Amino acid sequence: MDNPRDLERLNRFLAQVMPIQVSSSLVPGDRPFWSVLVFYEGAAPQPKPTEAVRIPSDPGFEALRAWRSHKAKEEGVPPYVIATNAELKAILERQPKTLEELAQVKGFAKTKAAKYGREILRLLGRE
């Protein structure tokens with residue numbers, strides 16, 4: 001996505017839903033453009049035009065976001081591929097103590113728990 005506003009809008013949307021799968025591809029042509037397909041659970045909340053999307057600003061959430069940003073850069077993927085804001089919030093709400101508990105967080109599952117779980121539990125002070 002060449003337009004930062006488009007990327008910001010996509011990230012805002014993804015922060016409000018539980019994505020199941022996200023894929024993107026470059027559509028060739030005279031003016032190539034990116035196409036993004038998002039499968040998600042439930043309906044996306046419709047914010048009022050003047051209402052800003054509120055993201056919790058607590059130290060735990062900020063630590064998880066910083067970790068996610070670092071991981072995304074390390075792996076060369078967008079941050080929402082590592083974990084969405086909704087998943088990070090769910091982790092903070094559930095306060096998992098084990099990888100098994102982390103795998104029960106909606107949208108996170110065993111694959112992400114196995115791949116990132118130890119680091120997340122360490123961030124939460126569980127290891």
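All values derive from a computational prediction rather than experimental measurement.
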Are the side chains of [Y] and [X] in contact, using a 4.5 Å heavy-atom criterion?
{"X": "Leu92", "Y": "Leu124", "value": "yes"}
{"X": "Leu99", "Y": "Leu121", "value": "yes"}
{"X": "Tyr116", "Y": "Leu102", "value": "no"}
{"X": "Arg94", "Y": "Gln104", "value": "yes"}
{"X": "Arg68", "Y": "Asn85", "value": "yes"}

For the [atom1] atom of [X] and the [atom2] atom of [Y], what is their distance to the nearest 0.5 Å?
{"X": "Lys112", "Y": "Glu87", "atom1": "NZ", "atom2": "CD", "value": "3.5 Å"}
{"X": "His70", "Y": "Glu75", "atom1": "NE2", "atom2": "CD", "value": "9.5 Å"}
{"X": "Lys115", "Y": "Ile82", "atom1": "NZ", "atom2": "CD1", "value": "6.0 Å"}

### Query
Please walk me through it: do Glu74 and Lys71 pass salt bridge (Lys or Arg N to Asp or Glu O under 4.0 Å)?
CA-CA 5 Å; Glu74 199 175 84; Lys71 251 323 153 189; 2.9 Å; yes
### Task
For a side-chain contact (heavy atoms from CB on, under 4.5 Å) with Ile120, tell me which candidate from Leu88, Ile91, Val105 qualifies.
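For Ile120, the side-chain contact (heavy atoms from CB on, under 4.5 Å) test succeeds with only one of Leu88, Ile91, Val105, which is Ile91.
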### Task
Might you work through the side chain to side chain contact (heavy atoms under 4.5 Å, CB included) test for Tyr40 and Val22, ending with a clear yes or no?
CA-CA 9 Å; Tyr40 60 94; Val22 179; over 6 Å; no
### Query
Does Glu62 pair with Arg65 as a salt bridge, N-O distance under 4.0 Å?
yes
#### Entry: Non-neighbouring partners of Lys110 that pass side chain to side chain donor-acceptor pair (under 3.5 Å), sequence neighbours left out
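Residues passing side chain to side chain donor-acceptor pair (under 3.5 Å) with Lys110: none at all.
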### Message
To check you understand the geometry: which heavy-atom pair defines the closest contact between Leu37 and Phe39, and what is its length?
### Response
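That would be CD2-CE1, 3.5 Å.
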#### Entry: Ser24 to Val36 - nearest heavy-atom pair and separation
CB-CG2, 4.1 Å
